[in-house]
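Structure first, commentary second.
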Amino acid sequence: MNEIRTRFAPSPTGYLHVGGLRTALYNYLYARQNNGKFILRIEDTDQNRKVDKAVENLIESLRWAGLEIDEGPGFGGAFGPYIQSERTELYRQHVTKLLEKGDAYRCFCTPERLAKVKEQNPNSGYDRHCRYLSDQEIKDKMDAGEAFVIRQKIPENGEIKLYDIVRGEVVFPFSEVDDQVLLKSDGFPTYHLANVIDDHYMQISHVIRGEEWLMSTPKHLLLYESFAWKAPKFAHLSLLLNSDKSKLSKRQGDVSVEDYRSKGYLKEALVNFLALLGWNPGTNEEIFSMDQLMKKFSLKKVSKSGSIFDTKKLDWMNGQYIRALSPEEFYALAIEYFPKETPWSETDRMKMFSLYQQRISRLDEIPEKVAIFTHEFPPMDNDTVRAIDVNVLTVLKVLRDLLVKEADFDQKIFVEKIQEVQKITGIKGKELWTAVRIGVAGQIHGAEINIIAEILGQQACLKRIEKVLHDFAGNN
Ligand code: GLU
């Protein structure tokens, strides 16, 4: 059996879309589970869309997600270069072959004429005006130095069939296929030509790509036929959708892998989540490591309907991965989100983070959570301010008087003092603990207040309690 070779072939538009990462992931998993190769090819034939550092960003996002590239720009491989703008000569040679065979033709139509054709008939493609020029007409135009593109000659009648791994048989009548431009007037190929030539010479066995390319496939299949090459197998993946079923796009929120990364999603969670957007493992299992995905993923079980990108589910999954980290691993990730200039020791930060590992679903929740430590007097929200009544002030006054007398301080002593407050004031349960929480943390909800108090230390606790007593003395 021939080697399985898959490729991810993005255009370098500046960032990696999460849908692109899913495509790359499916290609990667399929290659790995078949002991094949995963190739990165940069499709930069549209020179107008070139963005600085785009290739570096793409590679960095793939690396972060844990996808190991076997061949590609900077990764070596026997079929390079892996950047299309470095392969233009190859494309030009092949276009000449198509012209000689009569499967392509020169089109001299000006942009103005093409615009007019489109205006008159917005739903049909090029009107094939130059397809029937005589040899003499072509020669005259070339001698006159008229600019031209090269178009693919699509048969006028008939149809072509594709067997798609995800979609089954798809039939494309030629009447719906346009005479596609293959080589632009600047001598650069279009996506279609370069894509087919590269997939052939890079010996790609499976083309796994987004559904948006399905309609291009008849053109590609015809090119394989023209060159007398064996076409690879195709699998077209359905779109990722917003919850309102619209196409997942930048306008509705985050789409780049970089956005998700900086929001504090773990790569394992994002990869796991994306793997399940379209692939159904056939069981209720939801948590899969990359190794498990390599074993269990199946292209045959990829769905042809669109998959909703449910951020709530992603948050849930991310929470699962956060909880599964060791305290040290969590620390290493959480510290990135901790304010840079603070006096807290590593031990204190470790204790702080341990309060939240069980509670957060994204790492970017950390700054808000640790604000109760990093501010001298954490700002209070309206609900907290409204909750400060006579009983709260009574609890805090008694607690302060007990705490100042203590020589030692830790969470055990703190709890003992609160129990004494209960005895003295008769205020107990939730009312008592909420009062303490307001005094020490400036909030009515949150993590264990005794641990918070221990991390803060006796003096900081007293200072905060004093301030509440002072600021709200009028409430008494
Ligand atoms: N360059 C195309 C893209 O940006 C690749 C499509 C394909 O995989 O054939 O998505």
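All ligand and atom numbering here is 1-based and tracks the order in the structure.
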ask   = So is E212 in contact with ligand 1, going by heavy-atom distances below 4.0 Å?
value = no
remark   = For N195, the atoms of ligand 1 under 4.0 Å from one of its heavy atoms are 7 (C), 9 (O)
ask   = How close does the nearest protein non-hydrogen atom get to atom 5 (C) of ligand 1, and which residue and atom is it?
value = A9 O, 3.0 Å
query = Can we say R87 and D198 salt-bridge, meaning some charged N sits less than 4.0 Å from an Asp/Glu carboxylate O?
reply = yes
remark   = Looking only at non-hydrogen atoms, the one of H236, H17, R209 nearest atom 7 (C) of ligand 1 is R209
remark   = Numbered in order shown, the ligand 1 atoms found under 4.0 Å of a heavy atom of E43 are 1 (N), 2 (C), 5 (C)
request  = Would you kindly specify which portion of V207 sits under 4.0 Å from ligand 1, judged on non-hydrogen atoms: side chain, backbone, both or neither?
outcome  = neither
query = Can the ring centroids of Y91 and F188 be said to lie less than 6.0 angstrom from one another?
reply = no
inquiry  = Minimum distance, heavy atoms only, to atom 6 (C) of ligand 1: which one of F234, F8, W213 is it?
reply    = W213
ask   = Which ligand 1 atoms, with their elements, are less than 4.0 angstrom from a heavy-atom of Y191?
value = 2 (C), 5 (C), 6 (C), 7 (C), 9 (O)
ask   = Y260 and F309: aromatic ring centres closer than 6.0 Å?
value = yes
message = Tell me the protein heavy atom at minimum distance from atom 8 (O) of ligand 1, and give that distance in Å.
response = R7 NH1, 2.6 Å
task = Measure up the W229 and H200 rings against each other and bin them: parallel (under 30°), tilted (30 to 60°), perpendicular (over 60°).
result = parallel
key: W279 side chain reached by F288 side chain, heavy atoms, under 4.5 Å   = yes
inquiry  = Is the terminal nitrogen or CZ of R209 (NZ for Lys, CZ for Arg) located under 6.0 angstrom from the six-membered ring centre of F234 and within 45° of that ring's axis?
reply    = no
Crowding at CD, Q358 (>12 non-hydrogen neighbours, <6.0 Å) = yes
